[in-house]
Amino acid sequence: MAFSQNSKQKQLETRRQELRREIQKINELRSENQSKAKSELSLIEDFNYKINVLSNLIKVTNQQANLLTREINSNQQKITDLRTELKQLKEDYAAMIVKSYKSKNQQSRIMFLLSSDDFKQAYKRLQYMKQYTEHQKKQGETIKEKTAELQATNENLLKQQEEKKKLIAENRTVQKSLEKERAEHQVLMATIKKNLSRYTAQIKEKQREADKIDREIDRLIKAAIAKSNEKAGKPKSSTSFALTAEEKVLASNFVSNRGKLPWPVEKGFVRLGYGSQPHPINKSLTIKSNGVRIATEKGAKARAVFDGEVSEILIMKNVNPIVMIRHGNYLTIYKNLSEVYVKKGDKVSTKQEIGKVFTNSSNGETILSFTISKGFVTENPSSWIYKM
């Protein structure tokens, strides 16, 4: 039980430190861009993300405090039981010492042996005397061990109580920060609602642009699949890549690293998650996200998350360059680059820099859109990237 609680406490502490680092990253990026005039849409995304992280941090810290409370109560009960046990042990030991002192006289011991009816009884009495002496010795050692255990439990209890105090104090600070973020969020939302139709139009336009890019990516992937099947002598209509032996190994290695792949940027946090979700400004609108949007620092480099081959460099009018890397029958797609360091057909390795992420000069935002797909069916990057 204690091992299980210790393991749970370690997991919670690891998660708490991750959330703290994430908040630090958000604050650093905010500080870096504080002189820039961000759009209300971007600010709302920032607020929503930080509020979510702060809420999770409070939740995890509360779980730690509650677990510590249970451990403290358990140790307090253990201390009570140990004290009762020690009291009884010491009383028994004291009685044993008195009895031993009374029978310590060498003559009385000899008489005890000589008064035996026969040799067998004398031998048993001798064994009893030895066992009694040994028991007395063990009783003394048990008292020492229990006393040491009591002291260690007391020390552990004091440490746990101190840890709980720190967690509670930290949670108060985080709670104040959360309340501040929520208040600022409400003020911004009140401003936005005054002109909701204009923002709704902006949201729809951004979604149309994203859908247009995704359709072009789908077209390129389908063309690449058809080409691979034609080369292998298979029907062009197939929906999956025809893989060579080498590509099968690559795909297998990619799959075996699911959940362990590095981030496509060195520093950053996910500002928009994968999948369909209601828009934070207008809940009646649905955001369709085929990947994740990662906020990172100015000058950040996009990195290949695994070994592969550059499948396409997509250039579209009024759209920043996009790099597609193939890993057997899987693809990783890196959108919103300002510079590209690779060309179609290049072999790339894990963490190799493939381009520079675009920074918007008007609001200071540096956002990488990242997608993972099997063929042209997208998958949630958070299932593939380590601790995303």
Side-chain angles (χ1 to χ4, degrees), residues 19 22-59 173-215 265 268-298 300 318-320 335-336 338 357-371 380-382 388:
L19 289 167
E22 200 145 356
I23 290 168
Q24 186 180 351
K25 282 189 276 186
I26 295 168
N27 290 338
E28 285 173 357
L29 289 172
R30 270 189 177 182
S31 176
E32 183 183 306
N33 298 329
Q34 64 184 356
S35 62
K36 302 292 183 179
K38 282 193 174 186
S39 71
E40 285 82 355
L41 297 177
S42 296
L43 285 170
I44 283 294
E45 286 181 355
D46 284 351
F47 276 123
N48 282 348
Y49 186 77
K50 189 171 181 182
I51 286 168
N52 183 53
V53 176
L54 286 168
S55 299
N56 284 334
L57 179 56
I58 289 169
K59 182 181 176 182
T173 303
V174 176
Q175 187 68 46
K176 286 179 182 177
S177 180
L178 177 60
E179 288 167 4
K180 180 176 177 289
E181 294 289 330
R182 281 179 171 159
E184 291 179 12
H185 177 272
Q186 287 172 359
V187 170
L188 183 59
M189 281 300 295
T191 303
I192 287 169
K193 284 178 180 177
K194 289 176 183 177
N195 202 349
L196 189 59
S197 59
R198 179 166 65 87
Y199 289 109
T200 300
Q202 289 178 13
I203 293 163
K204 288 180 177 179
E205 180 57 31
K206 285 182 75 173
Q207 187 65 59
R208 280 194 292 270
E209 289 172 3
D211 291 344
K212 182 182 176 182
I213 293 168
D214 288 338
R215 284 195 299 272
V265 287
F269 63 90
V270 176
R271 202 167 78 176
L272 180 69
Y274 172 83
S276 296
Q277 52 207 283
H279 196 278
I281 287 178
N282 188 338
K283 301 293 183 184
S284 66
L285 297 178
T286 300
I287 304 171
K288 183 189 173 189
S289 176
N290 283 340
V292 292
R293 287 216 303 266
I294 302 170
T296 185
E297 59 191 353
K298 184 179 180 180
N318 299 324
V319 175
N320 289 319
K335 306 175 189 175
N336 199 36
S338 59
V357 185
F358 175 77
T359 298
N360 189 319
S361 59
S362 63
N363 59 26
E365 288 186 331
T366 307
I367 305 288
L368 176 73
S369 291
F370 176 73
T371 302
N380 190 345
S382 64
M388 178 172 273

Closest non-hydrogen atom pair, S289 against G273: OG-O, 3.1 Å
Check: S177 and L54 side chains under 4.5 Å, non-hydrogen atoms: yes
CG-CD1 distance between L188 and I44, expressed to the nearest 0.5 angstrom: 4.0 Å
For the student: nearest non-hydrogen atoms of F47 and H185, plus distance: CB-CD2, 3.7 Å
Heavy-atom side-chain contact between R182 and S55 under 4.5 Å: yes
Contact check, side chains of P280 and I287, non-hydrogen atoms, under 4.5 Å: yes
Verdict with reasoning, E365 to R293, per salt bridge (charged side-chain N to carboxylate O under 4.0 Å, His left out): CA-CA 12 Å; E365 288 186 331; R293 287 216 303 266; over 6 Å; no
Where I281 and I203 come nearest, the two heavy atoms and their spacing: CB-CD1, 4.2 Å
Flag side-chain contact, heavy atom, 4.5 Å: Q175 against E179: yes
Interatomic spacing from CD in E184 to CG in L43 - rounded to 0.5 Å: 10.0 Å
Any donor-acceptor N/O pair, T191 side chain to V187 backbone, under 3.5 Å: yes
Main-chain N/O of K288 paired with Q207 side-chain donor or acceptor, under 3.5 Å: yes
From I23 atom CD1 to F269 atom CZ, the distance as rounded to the nearest 0.5 Å: 11.0 Å
From N282 atom CG to Q202 atom CD, the distance as rounded to the nearest 0.5 Å: 12.5 Å
Derivation of the side-chain contact (heavy atoms from CB on, under 4.5 Å) call for K176 and K180: CA-CA 6 Å; K176 286 179 182 177; K180 180 176 177 289; over 6 Å; no
Presence of salt bridge, R208 and E205, under 4.0 angstrom: yes
Flag, side chain of N380 to backbone of Y274, donor-acceptor distance under 3.5 Å: no
Atom pair CG (N290) and CG (D211), whose distance is rounded to the nearest 0.5 Å: 8.0 Å
Close side-chain approach of V357 to I367, heavy-atom, < 4.5 Å: no
Donor-acceptor under 3.5 Å (T296 side chain, G268 main chain): no
Which atom of T371 lies closest to which atom of G291, heavy atoms considered: OG1-CA, 3.8 Å
Residue pair V319 / K335, side-chain heavy-atom distance below 4.5 Å: no
Any V265 side-chain heavy atom under 4.5 Å of E297 side chain: no
From NZ (K25) to CG (N27), nearest 0.5 Å: 12.0 Å
